[in-house]
Amino acid sequence: MEPRATSTPRWVWGIFVFPMGGIMAEANVVPYEETKIYRIRHSLAHVMAQAVLEKFPEAKLAIGPPVDDGFYYDFDLPRTLTPEDLEEIEKRMKEIIKGNHEFTRKEVSAEEARAIFSDQPYKLELIDGLMEPDEFGYYIDENGEETKEPPTISTYTQDTFEDLCRGPHVEHTGQLPRTAFQLDRVSGAYWRGDESRPMLQRIYGLAFEDKKDLKAYLKQREEARQRDHRKLGRELEIFTFEDEVGPGLPLWLPNGAVMIEEIEKLAKDMEDRAGYKRVKTPHVSKEDLFLRSGHLPYYEESMYPPMELEGIRYFVKPMNCPMHHKIFGSRLRSYRELPLRLAEYGTCYRYEQSGELFGLMRVRSMQMNDAHIYLAEDQFEQEFMAVIQLYLEYFRIFDIEQYIMRLSTHHPRGLGKKYVDNPELWTKTEAMVRKVMQENDIPFVEVADEAAFYGPKIDVQVYSAIGREFTLATNQVDFSQPGSFDLTFVNSDGVEETPLCIHRAPLSTHERLIGFLIEHYAGKFPVWLSPVQAIMIPITDDHIPYALDVATRLREAGIRVEVDDSSERMGKKIRTAQKRYIPYMLVVGDQEKEDGTVALRLRSGDQRNDTPVDDFIAEAAAVIAERRYE
RNA sequence: GCCCACGUAGCUCAGUCGGUAGAGCACACCCUUGGUAAGGGUGAGGUCACGGGUUCAAGUCCCGUCGUGGGCUCCA
């Protein structure tokens, strides 16, 4: 088997997760907050803040927590930081560390804290958050996290620097590794993550327990960049972006189109077996549809603006659901038809903010592996699980082992804004999903304030090569739209009932899935998904006719094959094919021509000479048909 | 959208103090007909992202626009 994306365990939201039987599970280990590396990173953030404050005495400090690979601290500074500033700050940090300054903790009252930080407006705001719960009963701690318990206010001091902080820290700066950290980059970040608040400057530092861990991390990061789908996508001619077309609007090249077609074939196979029916719907519709669906009130900022013709406003669809709802409602439905599963690879358009675009992973035009399942409430558990099982089957096919299922719930503060205003149904449907997941032993993490506007969902979170987190697949409950669309079915008592709806997209969008797969397989796709599956490499021009002959037989067997008839020598042809990660290289010369064989070279470098053409075809066809990874 | 950085040939990148552009790969043609990761030669290819400005002179300095990237916000 070829090497693929490494499956290293990692910290996510304070829990330690790792691949286990295809599912990320919570390990029985100490929480991040209690580890040595957490204290080191947290303490380094304080040391950095001291260095920054010495350099800019008028600096206003925000927050500075540890993260996955180090720490950051946000500052309001009189001017923009330069790379030279970072070097200087890092140098000063090393001096501070050498001083062996003790970290001392002090519990203080709110009044004392306000006095200590009287010239630090952000700290004063944090103290307010620690003291007084908001309207929903949450206190906000100094890392911006919500908590129900009123926290104890404490400060930590090292050398000349005192910071509002609950800790923990190392005992003294001498315990900080001077050679295992480095300031990494500076970026902008809104105060409190709120785009209406001031933009601060965030300095990120990398930090590990010792130097070799830092070096290993930097090396791994460099290797990850080699796997970046934006780089490989260009080199392997899968997609392109063109300025005149527009940002976030990918053009699929022939190789990418092959992959799309193979994925759709897979989806169709799976959905046929799972009882889905395929539908097709238009890309645009009248405004009325999206008013009724709730997209215009809740989602308009992500939609392309309307176009008006003959006094009627039309929108390009950001989701397929309203169209599918209209199909459900196009005639009277019986309970005998449920669950009714309508599937479509629908093309949607979302006006994502320009800064949010990211290669293929975040685009403005997308083809979704969408389906809407209409069902009675008592069918919910079974159907929701069937969808989860479908996900797991897909992940098995794609060798996806590193992911997290996330139950995304609403937050009371978003009711009537981000979320449909019906607290009872939120609570009820969230409990339903939680119960299904627990009863079926599917590990998940629960995160508030991440739901869709119409209901809770299970999101499957994955990571791009450079470590950015994305929702790949999603399985959503909708308790709102069926009612808005007056969707009903006649139950066994002859009474009309409103169905529930499940929105599901296990294969995400073509864009995000292929972007992810490029990185996941590092360009070495399974044979069935490879744009070119085999390449004929004639040793001299004399062997081209035989190569063409073999290619024809492969093509008749459904294998995508090319013939390299360039005037290069064989070594060069192999090198070129190797760089394209073509699974099968078939070298043919006098020997093979005479025997009716090929010299088979795999992209792993494995070599199988004298393979009869029929044997190769039989084997390759089986690998392709079974979608095996070889 | 916001903060910061970047934009030179299809790709990866040089280009000094401001003096009107270079390499490798890829591509085309010719020679070479070779047994498992780069054969040789010749050639074509650039309004230095776009638009202004400063200057005798701008790839180089300044401003704006567009695009890309690192983040923030947001998300399939």
Side-chain angles (χ1 to χ4, degrees), chain A residues 72 74 77 80-83 184-204 228 230-231 234-235 237 240-248 299 301-302 318-320 346 348 350-363 366-370 408 418 450 452 457 459-462 466 468-474 476 503-513 515-516 537-544 566-579 585-592 599-603 605-607 609:
Chain A
Y72 68 80
D74 288 347
L77 299 174
T80 298
L81 290 166
T82 63
D184 192 39
R185 58 201 191 277
V186 52
S187 71
Y190 297 109
W191 166 235
R192 284 279 161 97
D194 183 340
E195 55 189 326
S196 66
R197 309 294 302 270
M199 175 66 71
L200 308 171
Q201 294 189 66
R202 172 172 298 179
I203 304 176
Y204 280 96
D228 192 313
R230 292 166 295 186
K231 175 179 153 71
R234 181 172 54 237
E235 289 172 1
E237 296 188 34
T240 182
F241 287 95
E242 295 295 321
D243 283 359
E244 277 182 70
V245 178
Y299 203 78
E301 62 177 29
S302 298
M319 297 183 190
N320 303 298
C348 297
R350 298 182 186 173
Y351 196 80
E352 306 290 359
Q353 295 189 58
S354 54
E356 294 165 349
L357 301 174
F358 178 74
L360 274 187
M361 303 296 260
R362 192 75 182 278
V363 292
M366 68 209 82
Q367 303 158 70
M368 302 181 67
N369 174 232
D370 214 353
S408 302
K418 280 168 78 174
E450 294 284 346
K457 54 181 179 170
D459 288 325
V460 181
Q461 303 300 111
V462 298
I466 60 167
R468 210 130 108 179
E469 181 184 339
F470 286 93
T471 299
L472 185 70
T474 182
Q476 312 179 341
H503 305 232
R504 45 111 275 183
L507 292 180
S508 189
T509 60
H510 282 319
E511 288 71 19
R512 189 170 288 180
L513 179 68
F516 173 79
I537 299 182
I539 291 173
T540 76
D541 287 357
D542 294 341
H543 309 118
I544 290 177
S566 64
S567 65
E568 296 294 343
R569 17 184 340 181
M570 188 197 55
K572 180 63 181 298
K573 292 179 184 178
I574 286 177
R575 178 182 158 82
T576 305
Q578 198 70 51
K579 288 180 77 175
M585 284 159 263
L586 309 182
V587 179
V588 292
D590 289 336
Q591 193 65 49
E592 290 74 19
L600 174 62
R601 181 194 161 103
L602 304 179
R603 61 190 159 184
D606 286 355
Q607 187 67 35
N609 291 336

S.K.: What contact category does A/Arg185 fall into here, base, sugar-phosphate, or nothing, at under 4.0 angstrom with non-hydrogen atoms?
M.R.: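 The answer is sugar-phosphate, as A/Arg185 gets under 4.0 Å only of primed atoms, P, OP1 or OP2.
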
S.K.: Pick the C1' atom in B/G70 and in B/U8, then give their distance to the nearest Å.
M.R.: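 Their C1' atoms lie roughly 22 Å apart.
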
S.K.: Distance check needed: B/C72 C1' versus A/Asp194 CG, whole Å only.
M.R.: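 A/Asp194 atom CG is separated from B/C72 atom C1' by 11 Å.
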
S.K.: Side chain to side chain donor-acceptor pair (under 3.5 Å) with A/Asp194: which residues, sequence neighbours excluded?
M.R.: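 Only A/Ser196 meet the side chain to side chain donor-acceptor pair (under 3.5 Å) criterion with A/Asp194.
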
S.K.: For atom C1', what is the distance between B/U12 and B/G46, given to the nearest Å?
M.R.: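 The same atom, C1', in both gives a distance of 16 Å.
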
S.K.: If you draw a 6.0 Å radius around CD in A/Glu235, do more than 12 non-hydrogen atoms from other residues or ligands fall strictly inside?
M.R.: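 Result for CD/A/Glu235: enclosed.
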
S.K.: For the pair made of CG in A/Asp459 and P in B/A76, what is the distance, rounded to whole Å?
M.R.: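 Taking CG of A/Asp459 and P of B/A76, I get 6 Å after rounding.
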
S.K.: Determine the Euclidean distance between corresponding C1' atoms of B/G24 and B/A14; express it in Å to zero decimal places.
M.R.: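 It works out to 11 Å between them.
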
S.K.: Anything under 3.5 Å between a protein N or O and an N or O of nucleotides 44-47 of chain B, put it in a table, one pair a line.
M.R.:
none

S.K.: Output the rounded distance in Å from CD (A/Glu352) to P (B/U68).
M.R.: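 To the nearest whole Å, that distance equals 14 Å.
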
S.K.: Using Watson-Crick and G-U wobble pairs whose two distances are both under 3.5 Å, how do you write the pairing of RNA chain B as dot-bracket, with | for links to another strand?
M.R.: (((((((..((((.....[..)))).(((((.......))))).....(((((..]....))))))))))))....

S.K.: Looking at A/Tyr204, does any N or O in its side chain come under 4.0 Å of the phosphate oxygens OP1/OP2 on B/C72?
M.R.: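 Checking B/C72 against A/Tyr204, a side-chain N or O does come within under 4.0 Å of OP1 or OP2.
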
S.K.: Identify, with sequence neighbours excluded, every residue that meets salt bridge (charged side-chain N to carboxylate O under 4.0 Å, His left out) alongside A/Arg197.
M.R.: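 Residues passing salt bridge (charged side-chain N to carboxylate O under 4.0 Å, His left out) with A/Arg197: A/Glu125.
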
S.K.: Name the closest nucleotide to the A/Arg230 side chain, picking from B/C75, B/G39, B/G70.
M.R.: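 Of B/C75, B/G39, B/G70, B/G70 is nearest to the side chain of A/Arg230.
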
S.K.: So what does A/Gln591 hit on the nucleic acid, given a heavy-atom distance under 4.0 Å: a base, only sugar-phosphate, or nothing?
M.R.: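 Base, at least one base heavy atom under 4.0 Å.
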
S.K.: Polar-atom pairs under 3.5 Å, protein N or O versus N or O of nucleotides 26-32 of chain B: list them with distances, or write none.
M.R.:
| from | atom 1 | to | atom 2 | distance (Å) |
| --- | --- | --- | --- | --- |
| B/A26 | OP1 | A/Lys572 | NZ | 2.8 |

S.K.: Once you apply a heavy-atom cut-off of 4.0 Å, does A/Gly346 come out as touching a base, just sugar-phosphate, or nothing?
M.R.: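 Nothing, no heavy atom under 4.0 Å.
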
S.K.: With rounding to whole Å, what would you report as the distance between B/G18 and B/G59 at their C1' atoms?
M.R.: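 Those two atoms are separated by 10 Å.
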
S.K.: Listed by chain and number, what are the salt bridge (charged side-chain N to carboxylate O under 4.0 Å, His left out) partners of A/Lys418, not counting sequence neighbours?
M.R.: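 For A/Lys418 the salt bridge (charged side-chain N to carboxylate O under 4.0 Å, His left out) partners, ignoring immediate neighbours, are A/Asp449.
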
S.K.: Applying a 4.0 Å non-hydrogen cut-off, can you work out what A/Phe241 is touching in the nucleic acid: base, sugar-phosphate, or nothing?
M.R.: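 No contact at all - A/Phe241 keeps every heavy atom at 4.0 Å or more from the nucleic acid.
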
S.K.: Rounded to the nearest Å, what distance is computed from the CE atom of residue A/Met361 to the P atom of nucleotide B/C75?
M.R.: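 About 17 Å, once rounded to whole Å.
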
S.K.: Test of understanding: with salt bridge (charged side-chain N to carboxylate O under 4.0 Å, His left out), list the residues that count as partners of A/Lys572, not counting sequence neighbours.
M.R.: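 Partners of A/Lys572 by the salt bridge (charged side-chain N to carboxylate O under 4.0 Å, His left out) criterion come out as none, since no residue qualifies.
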
S.K.: Considering every strand and a 4.0 Å limit on heavy-atom distances, what is the contact class for A/Arg234: base, sugar-phosphate, or nothing?
M.R.: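 Sugar-phosphate contact only - A/Arg234 comes under 4.0 Å of backbone atoms but never of a base.
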
S.K.: Determine: side-chain N/O of A/Lys457 to OP1/OP2 of B/A76, distance under 4.0 Å, yes or no.
M.R.: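 Checking B/A76 against A/Lys457, a side-chain N or O does come within under 4.0 Å of OP1 or OP2.
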
S.K.: Can you list everything that forms a ring pair (Phe, Tyr, Trp, His ring centres under 6.0 Å) with A/Tyr190? Sequence neighbours excluded, please.
M.R.: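 Here no residue qualifies.
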
S.K.: Take A/Ser566 and A/Thr471, find for each the nucleotide of RNA chain B with the closest heavy atom, and name the residue whose nucleotide sits nearer the 5' end.
M.R.: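 Nearer the 5' end of the strand: A/Ser566.
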
S.K.: What is the nucleic acid contact for A/Asn609, judged by heavy atoms within less than 4.0 Å: base, sugar-phosphate only, or nothing?
M.R.: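 Contact class for A/Asn609: base.
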
S.K.: Given B/U68, B/G34, B/A76, identify the nucleotide with an atom nearest to the side chain of A/Pro247.
M.R.: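 Of the candidates, B/U68 comes closest.
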
S.K.: Which part of the nucleic acid does A/Glu242 contact within heavy-atom distance under 4.0 Å: base, sugar-phosphate only, or nothing?
M.R.: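 The answer is nothing, as A/Glu242 stays clear of every strand by at least 4.0 Å.
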
S.K.: Let me spell it out: for each of A/Lys573 and A/Ala473, pick the nucleotide of RNA chain B with the closest heavy atom. Which residue's pick is nearer the 5' end?
M.R.: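 In this pair, the answer is A/Lys573.
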
S.K.: For B/U20 and B/A58, measure between their P atoms and round to the nearest Å.
M.R.: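 Result for the P pair: 11 Å, nearest Å.
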
S.K.: Could you go through A/Arg512 and A/Met366, starting from their C-alpha distance and side-chain angles, then the distance that decides it, and tell me whether this counts as side-chain contact (heavy atoms from CB on, under 4.5 Å)?
M.R.: CA-CA 8 Å; A/Arg512 189 170 288 180; A/Met366 68 209 82; over 6 Å; no

S.K.: Send over the distance from A/Asp184 CG to B/G70 C1', rounded to a whole Å.
M.R.: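 Rounded to the whole Å, the gap is 9 Å.
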
S.K.: Using the P atom as the point on both nucleotides, what is the distance between B/U36 and B/G41, in whole Å?
M.R.: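 Between the two P atoms, the distance is 23 Å.
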
S.K.: Applying a 4.0 Å non-hydrogen cut-off, can you work out what A/Arg601 is touching in the nucleic acid: base, sugar-phosphate, or nothing?
M.R.: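 Base, at least one base heavy atom under 4.0 Å.
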
S.K.: Does A/Arg504 have any salt bridge (charged side-chain N to carboxylate O under 4.0 Å, His left out) partners at least two apart in sequence or in another chain, and if so, which?
M.R.: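 For A/Arg504 the salt bridge (charged side-chain N to carboxylate O under 4.0 Å, His left out) partners, ignoring immediate neighbours, are A/Glu271.
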
S.K.: Any luck finding a side-chain donor-acceptor pair between A/Gln461 and A/Thr471 under 3.5 Å?
M.R.: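 Yes, because at least one side-chain N or O of A/Gln461 sits under 3.5 Å from a partner of the opposite role on A/Thr471.
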
S.K.: Is there a donor and acceptor pair closer than 3.5 Å between the side chain of A/Ser508 and the base of B/A76?
M.R.: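 For A/Ser508, whose side chain was compared with the base of B/A76, there is no donor-acceptor pair (under 3.5 Å).
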
S.K.: Counting the atoms with a prime plus P, OP1 and OP2 as sugar-phosphate, which does A/Asp542 contact under 4.0 Å by heavy atoms, base, sugar-phosphate, or nothing?
M.R.: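 No contact.
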
S.K.: Taking the side chain as C-beta and beyond, is there a heavy-atom pair between A/Tyr299 and A/Pro318 under 4.5 Å?
M.R.: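 Of all side-chain heavy-atom pairs linking A/Pro318 with A/Tyr299, at least one is under 4.5 Å.
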
S.K.: What are the atom names and distances for every N/O pair under 3.5 Å that joins the protein to nucleotides 2-9 of chain B?
M.R.:
| from | atom 1 | to | atom 2 | distance (Å) |
| --- | --- | --- | --- | --- |
| B/C2 | O4' | A/Tyr190 | OH | 3.3 |
| B/C3 | O2 | A/Gly188 | N | 3.2 |

S.K.: How would you list, by chain and number, every residue that makes a side chain to side chain donor-acceptor pair (under 3.5 Å) with A/Gln353, sequence neighbours excluded?
M.R.: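 Scan of A/Gln353 (side chain to side chain donor-acceptor pair (under 3.5 Å), adjacent residues dropped) gives A/Glu356.
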
S.K.: For A/Thr509, give me all partners under side chain to side chain donor-acceptor pair (under 3.5 Å), at least two apart in sequence or on another chain.
M.R.: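 If we apply the side chain to side chain donor-acceptor pair (under 3.5 Å) test to A/Thr509, skipping adjacent residues, there are no hits.
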
S.K.: What nucleic acid atoms does A/Gly589 come within less than 4.0 Å of, heavy atoms only: base, sugar-phosphate, or nothing?
M.R.: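 Base contact.
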
S.K.: Round to the nearest Å and state the distance from A/Leu360 atom CG to B/U68 atom P.
M.R.: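 About 13 Å, once rounded to whole Å.
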
S.K.: Please report the distance separating the P of B/A26 from the corresponding atom of B/U42, rounded so that it comes out in whole Å.
M.R.: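 16 Å, rounded to whole Å.
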
S.K.: Would you classify A/Ala577 as touching base, sugar-phosphate or nothing, given that sugar-phosphate means primed atoms plus P, OP1 and OP2, and contacts are heavy atoms under 4.0 Å?
M.R.: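 Counting heavy atoms under 4.0 Å across all strands, no contact is made by A/Ala577.
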
S.K.: Side-chain donor or acceptor of A/Gln476 under 3.5 Å from a matching atom on the base of B/A76?
M.R.: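 No.
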
S.K.: Expressed as a whole number of Å, how far does the C1' atom of B/G7 sit from that of B/C31?
M.R.: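 40 Å, rounded to whole Å.
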
